[in-house]
Amino acid sequence: MNGKNYIILEIIPTAVDEKRGEIVQLSALKLNGLILKDRFDYRLNPKKILNWDIEKIISYDRDDFQYVNDSHKILRDFKKWVEDYDLLIIDNLYTKNYLKEIPNKKESIFPYLNMAFTDDVIERVIKKYQLEPSNHIVDLLYEALIYESNHK
């Protein structure tokens, strides 16, 4: 990972299928090696989220996000922000669906952590790297990458 430009990201959608759902939150870290260069933290305006359970999931740290009224704007702004950086993704079905219009190289982050994707992978990351639980999944993944790099 040293010297490589890449982005770690997490998407929270309302549905697995991007044609029937929308992105309510997209958080990403732009990295050069292990050096944090920039953050992208966008949310859909809570008034636009019709699912109370989803709105409750993203009710933390409200001041840390930029709010927009259209999830298409989230993707448009993200597309500009990513430049030509590779994307390290949580390789679930919905992340792949929502990012399919972004041409950047996409690969799972979990091989870099010597793990496979499972439904409880974030809990396993927290346990493996002895991290404090956090709602900011990208930050947990970043800390895990740092740990892996320092213990090679």
Side-chain angles (χ1 to χ4, degrees), residues 1-16 18 21-68 71 73-75 77-79 81-83 85-99 102 104-152:
M1 306 303 309
N2 289 341
K4 182 178 176 184
N5 292 327
Y6 59 99
I7 291 170
I8 304 169
L9 66 107
E10 175 205 16
I11 293 175
I12 299 176
T14 58
V16 172
E18 82 286 354
E22 55 190 342
I23 294 173
V24 294
Q25 179 175 303
L26 196 159
S27 293
L29 302 178
K30 188 180 280 186
L31 305 168
N32 181 324
L34 293 173
I35 298 169
L36 178 62
K37 295 295 187 183
D38 199 4
R39 290 190 74 98
F40 184 97
D41 291 302
Y42 273 52
R43 277 191 183 150
L44 190 61
N45 185 326
K47 293 176 183 168
K48 300 286 185 176
I49 301 171
L50 303 177
N51 183 321
W52 170 247
D53 291 331
I54 299 266
E55 204 283 323
K56 207 164 65 172
I57 288 171
I58 64 163
S59 64
Y60 62 89
D61 298 340
R62 293 190 186 272
D63 293 339
D64 293 346
F65 291 84
Q66 181 168 335
Y67 290 87
V68 297
S71 69
K73 177 164 176 45
I74 294 173
L75 269 179
D77 288 0
F78 183 70
K79 204 178 214 180
W81 184 82
V82 298
E83 301 174 71
Y85 282 54
D86 292 347
L87 306 179
L88 291 182
I89 65 169
I90 298 171
D91 50 337
N92 52 37
L93 184 58
Y94 62 81
T95 297
K96 292 174 184 176
N97 286 344
Y98 283 88
L99 294 177
I102 295 178
N104 301 49
K105 178 181 174 188
K106 299 166 197 81
E107 64 180 308
S108 174
I109 189 170
F110 298 111
Y112 292 96
L113 306 177
N114 300 307
M115 301 176 87
F117 174 76
T118 58
D119 288 340
D120 68 340
V121 73
I122 300 306
E123 290 83 11
R124 291 182 21 242
V125 166
I126 289 169
K127 184 175 181 180
K128 178 178 179 179
Y129 298 102
Q130 300 175 6
L131 301 173
E132 290 294 320
S134 171
N135 291 316
H136 297 277
I137 302 302
V138 292
D139 293 326
L140 293 170
L141 296 171
Y142 179 41
E143 288 183 52
L145 283 175
I146 291 169
Y147 182 93
E148 282 293 331
S149 178
N150 290 337
H151 291 89
K152 282 187 174 182

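Basis for what follows: all heavy atoms, side chains included, without hydrogens, waters or symmetry-related copies.
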For A28 and I7 the tightest heavy-atom approach is CB-CG2, 3.7 Å
Any side-chain heavy-atom pair of D41 and Q66 under 4.5 Å: no
Is there side-chain contact between L31 and N5, with at least one heavy-atom pair below 4.5 Å? no
Would you say Y85's side chain and I8's backbone share a donor-acceptor pair under 3.5 angstrom? no
Does some side-chain heavy atom of E148 sit less than 4.5 Å from a side-chain heavy atom of Y129? yes
CG on N45 to CD on E55, rounded to 0.5 Å: 9.5 Å
If you measure from CZ on F78 to CG on L99, what distance do you get to the nearest 0.5 Å? 6.0 Å
Just say parallel, tilted or perpendicular for the rings of F65 and H136, cut-offs at 30° and 60°. parallel
With the side chain counted from C-beta on, respond yes when L113 and V121 share a heavy-atom pair under 4.5 Å apart, and no when they do not. no
In this structure, CD1 of I58 is separated from CG of D53 (nearest 0.5 Å) by 12.0 Å
Should the heavy atoms of other residues, nucleotides or ligands under 6.0 Å from CG of N150 be counted, would the total exceed 12? yes
When you compare the side chain of I90 with that of F110, does any pair of heavy atoms fall below 4.5 Å? yes
Looking only at atom types and distance, does a side-chain atom of Y6 sit under 3.5 Å from a main-chain N or O of G33, one as donor and one as acceptor? yes
Under a 4.0 Å N-O cut-off, is there an ion pair linking K30 with E83? yes
Can you confirm whether E132 sits close enough to E143 that some side-chain heavy atom of one is under 4.5 Å from a side-chain heavy atom of the other? no
What closest approach, in Å, do I23 and Q25 show between heavy atoms, and which atom pair accounts for it? CG2-O, 3.4 Å
Whether the E107 and Y112 side chains hold a donor-acceptor pair (N or O, under 3.5 Å, no angle test) is what I'd like checked. yes
Distance from S27 atom OG to N135 atom CG, nearest 0.5 Å? 10.0 Å
On a heavy-atom basis, the closest approach of K48 and E22 is O-OE2, 4.0 Å
Are D139 and R39 within salt-bridge range, i.e. N to O under 4.0 Å? yes
Do any N or O atoms from the side chain of N92 and from the backbone of T95 form a donor-acceptor pair under 3.5 angstrom? yes
Distance-minimising heavy-atom pair for Y67 and R62: OH-O, 3.0 Å
Using 30° and 60° as the class boundaries, would you call the ring planes of F40 and W81 parallel, tilted or perpendicular? tilted
Residue pair V138 / E10: nearest heavy atoms and the distance that separates them: CG1-N, 3.6 Å
Within the side chain of S59, is there an N or O that forms a donor-acceptor pair under 3.5 Å with the backbone of K56? yes
Closest non-hydrogen atoms of K37 and N32, given as atom of the first, atom of the second and distance, are CE-CB, 3.6 Å
The reported gap from CG in L140 to OH in Y142 (rounded to nearest 0.5 angstrom) is 13.0 Å
First locate atom CG of L36, then atom CG of D38, and finally report the distance between them rounded to the nearest 0.5 Å. 7.5 Å
